[in-house]
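Okay, here's the structure, questions in a sec.
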Amino acid sequence: MTEIQQQFLALLRAGLWGTKPDEALFGPETDWAGLLAAAKKQSAPAVVLDGVQLLPEGLRPPKAMYLQWCALALHTEEQHELLNREIGHLLALLRGQGIEPVLVKGQAVAQSYRHPEHRRCGDIDLYIGPEDYEQANALLRPEATSEEEEIFKHACMHWHGVIVENHRILISLSRPSADRRLQRLVAAWGRDKAACPELEVGGNSVRVPPTAFHTAYVLTHAALHFLNEGIGMRQVCDWACLLGTLRTEEERREVARLLADFGLTRAARIFGALLVKYLGVPAERLPVAYAQRDWEKADWLLDDIWAGGNFGIGQHRKRPRGYWAGKWYTIRRVSKRCWQMRALAPGEAFWYPIMVAAHSAQMQWKRLKGK
């Protein structure tokens, strides 16, 4: 492990948990420009800054760079305010028509952080379900400035300065038997929103998925993105923080059972080893215990995360122009990466490229019928 990786992880751990970083890792030769670049690449600048602020003043970055870092953190805080405000507007709009959305990932996960406003923001993900999906989209469209190409799972709109994803399907697994189990679970709490606990997000009371399911889902989402394109440390931190919300052994056993149903036990072991080895998560918080071989695989996982950064941006060449050229590039890229990364989730790695092609064909058929 390089010196800058050691320093980055020390600051990230400190920012996540409020513990002092190892001061011996820092000194006059510290590459603060490199650390700031790494924090941005891994989509965690404000959390890493929280760690920097736990260093003695004499070990912190030069003033100009420190102020630049603080400006990034302030921007993250402002984005949180914007997203939380728009969640309130979305709730009023949808509930006014009898639609009860369920907030997933993003702003829901942020509440499990030590400083929720320092988790790097993304979009607003709402699970609507198939019954209310078209109506929810119709309600948002009049005030949307643009809408991206619809995929089989969701519609994505730029709305009031934020990106909103309305999910007809929350997530899908590629292995058919595992996906059937997943969809049955989502349908169960999706029909009975009373089964979804309420969480306060920016002064709004909003439904979120059941705790054990949401914890399993966030790892599932990260594992699928890892197979598809790559992930950054933000996705790893999300799972680390969510594990801290599990209060009982019964909840941890439920997460383990869900991950086994989804075919992701191996992924849980490898991610768990990474959390313990590099983020200081106590082993007893893990829903699935890791083995020695998983401890070694944690380095493999970290290497890919470090090289790729948030959603693998650091290791993708530019997608070619042209609709069909772009689709063909995606299928080839996904197939190659799934083969390379199959150790994380062999079943998903086998089925994932097949389902990417199938879903692409499905959406093209829908598009042609719409014309």
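In what follows, residues are counted from 1 in the order of the sequence shown. These numbers were taken from a predicted model, which means no experiment stands behind them.
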Heavy-atom donor-acceptor pair, Arg168 side chain to Pro130 backbone, under 3.5 Å: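 It does not hold such a pair.
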
Closest non-hydrogen atom pair, Leu264 against Ala223: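 Heavy-atom minimum between the residues: CD2-CB, 4.4 Å.
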
Stepwise side-chain contact (heavy atoms from CB on, under 4.5 Å) check, Arg13 with Lys20: CA-CA 9 Å; Arg13 283 193 301 271; Lys20 288 196 175 291; over 6 Å; no

Backbone N/O of Gly34 and side chain of Asp31: donor-acceptor pair under 3.5 Å: yes

Basic-acidic side-chain contact under 4.0 Å: Glu296, Arg293: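 Arg293 and Glu296: not salt-bridged.
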
Working for salt bridge (Lys or Arg N to Asp or Glu O under 4.0 Å), residues Arg252 and Glu249: CA-CA 5 Å; Arg252 278 184 278 275; Glu249 274 303 313; 3.1 Å; yes

Qualifying residues under ring pair (Phe, Tyr, Trp, His ring centres under 6.0 Å), relative to Trp189, sequence neighbours excluded: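 If we apply the ring pair (Phe, Tyr, Trp, His ring centres under 6.0 Å) test to Trp189, skipping adjacent residues, the hits are Tyr127, Phe213.
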
Side chain proximity check, Arg234 to Arg119, heavy atoms < 4.5 angstrom: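 Arg234 reaches Arg119 side chain to side chain.
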
Aromatic plane relationship, His225 with His221 - under 30° parallel, 30 to 60° tilted, over 60° perpendicular: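 Answer is perpendicular, since the angle exceeds 60°.
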
Glu254: side-chain hydrogen bond (donor to acceptor under 3.5 Å, both in side chains) partners, not counting sequence neighbours: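 Residues passing side-chain hydrogen bond (donor to acceptor under 3.5 Å, both in side chains) with Glu254: Arg257.
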
Minimum side-chain heavy-atom gap His214-Val109 below 4.5 Å: yes

Fellow cluster residues of Ile163, listed by chain then number, with links counted only when side-chain atoms sit under 4.5 Å apart: none

Side-chain donor-acceptor pair present, Asp179, Gln183, cut-off under 3.5 Å: yes

By ring pair (Phe, Tyr, Trp, His ring centres under 6.0 Å) - contacts of His154 (at least two apart): His167

Main-chain N/O of Arg247 paired with Glu251 side-chain donor or acceptor, under 3.5 Å: yes

Working for side-chain contact (heavy atoms from CB on, under 4.5 Å), residues Val186 and Tyr217: CA-CA 10 Å; Val186 176; Tyr217 161 68; over 6 Å; no

Closest non-hydrogen atom pair between Gly51 and Ala14, with its separation: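 Closest pair (atom of Gly51, atom of Ala14, distance): CA-CB, 3.8 Å.
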
Spacing of Leu286 atom CG and Leu246 atom CG [to the nearest 0.5 Å]: 10.5 Å

Side-chain donor/acceptor of Trp17 to backbone N/O of Leu279, under 3.5 Å: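 Between the backbone of Leu279 and the side chain of Trp17 there is a qualifying donor-acceptor contact (under 3.5 Å).
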
With sequence neighbours excluded, residues passing ring pair (Phe, Tyr, Trp, His ring centres under 6.0 Å) with Phe8: Trp306

CD (Glu3) with more than 12 external heavy atoms under 6.0 Å: no

Donor-acceptor contact present, side-chain Gln42 to main-chain Ile305, <3.5 Å: yes

Nearest heavy-atom neighbours spanning Ile231 and Ala222: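 Residues Ile231 and Ala222, closest heavy atoms: CG2-O, 3.5 Å.
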
Nearest non-hydrogen partners of Gly232 and Gln235, listed with the distance: N-OE1, 2.8 Å

Non-neighbouring partners of Asn84 that pass side-chain hydrogen bond (donor to acceptor under 3.5 Å, both in side chains), sequence neighbours left out: Gln107

Test side-chain hydrogen bond (donor to acceptor under 3.5 Å, both in side chains) applied to Asp123 - qualifying residues, sequence neighbours left out: none

Transitive ILVMFWY cluster of Met157, excluding itself - 4.5 Å side-chain cut-off: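 Taking Ile, Leu, Val, Met, Phe, Trp and Tyr as members, Met157 shares its hydrophobic cluster with Leu82, Leu83, Ile87, Leu90, Leu91, Leu93, Leu94, Ile99, Leu103, Ile124, Leu126, Ile128, Leu139, Leu140, Trp159, Val162, Val164, Leu199, Val201, Val206, Val208.
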
Any donor-acceptor N or O pair under 3.5 Å, side chains Glu198, Ser205: yes

Nearest heavy atoms of Pro116 and His80, plus distance in Å: O-CE1, 3.0 Å

Lys153 side chain vs Ser172 backbone, donor-acceptor pair below 3.5 Å: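 A pair under 3.5 Å: no.
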
Heavy atoms from other residues, nucleotides or ligands near CD of Gln292 exceed 12 (cutoff 6.0 Å): yes

Trp300 and Phe271: CA distance, side-chain angles, deciding distance, ring-ring contact (aromatic ring centres under 6.0 Å, His included) verdict: CA-CA 11 Å; Trp300 165 79; Phe271 269 90; 9.5 Å; no

Audit row: Thr215, Trp239, side-chain contact (heavy atoms from CB on, under 4.5 Å) steps and yes/no: CA-CA 7 Å; Thr215 306; Trp239 203 50; 3.6 Å; yes

Heavy atoms of other groups near His75 NE2, more than 12 under 6.0 Å: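 No - once you tally the heavy atoms of other residues, nucleotides and ligands closer than 6.0 Å, there are 12 at most.
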
Polar side chain donor-acceptor pair, Gln79 to Thr76, under 3.5 angstrom: no

Salt-bridge criterion met for Lys105 and Asp238 (N-O under 4.0 Å):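 No, this pair does not count.
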
same_hphob_cluster(Tyr113, Leu74) at 4.5 Å side-chain heavy-atom cutoff: no

Leu72 vs Leu36 side-chain heavy atoms within contact, under 4.5 Å: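 Yes, at least one pair of side-chain atoms sits under 4.5 Å.
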
Non-neighbouring partners of Arg120 that pass side-chain hydrogen bond (donor to acceptor under 3.5 Å, both in side chains), sequence neighbours left out: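 Checked Arg120 against side-chain hydrogen bond (donor to acceptor under 3.5 Å, both in side chains); zero matches.
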
Donor-acceptor contacts, no H, no angles, side chain residues 61-69, under 3.5 Å, sequence neighbours left out:
from	atom 1	to	atom 2	distance (Å)
Tyr66	OH	Gln53	NE2	3.2
Trp69	NE1	Pro45	O	2.9

Step-by-step salt bridge (Lys or Arg N to Asp or Glu O under 4.0 Å) determination, Glu348 to Arg175: CA-CA 6 Å; Glu348 278 301 301; Arg175 192 160 62 97; 5.2 Å; no

Hphob cluster co-occupancy, Leu54 + Leu59, side-chain heavy atoms under 4.5 angstrom: no

Connected-component partners of Val288 among ILVMFWY, side-chain separation under 4.5 Å: none

Pair His118, Glu77: side-chain N/O donor-acceptor within cut-off below 3.5 Å: yes

Check: Lys193 side chain, Glu100 main-chain N or O, donor-acceptor pair, under 3.5 Å: yes

Considering all heavy atoms, the nearest Pro21-Leu55 contact: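 Of all heavy-atom pairs spanning Pro21 and Leu55, the closest is CG-CD2, 3.5 Å.
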
Any Pro210 side-chain heavy atom under 4.5 Å of Cys196 side chain: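 Answer yes - side chains close enough.
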
Residue pair Lys277 / Asp299, side-chain heavy-atom distance below 4.5 Å: yes

Contacts of type ring pair (Phe, Tyr, Trp, His ring centres under 6.0 Å), residue Trp32, not counting sequence neighbours: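 Ring pair (Phe, Tyr, Trp, His ring centres under 6.0 Å) list for Trp32, sorted by chain: Phe26.
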
Beyond-backbone contact of Tyr278 with Val236, side-chain heavy atoms, under 4.5 angstrom: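 Not touching, per the 4.5 Å side-chain cut-off.
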
Min side-chain heavy-atom separation Met233-Val47 under 4.5 Å: no

Sub-4.5 Å side-chain heavy-atom contact between Asp22 and Gln7: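 Asp22 vs Gln7: side chains apart.
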
Arg269 side-chain N/O to Asp294 backbone N/O, donor-acceptor pair under 3.5 Å: no

Heavy-atom donor-acceptor pair, Tyr290 side chain to Val276 backbone, under 3.5 Å: no

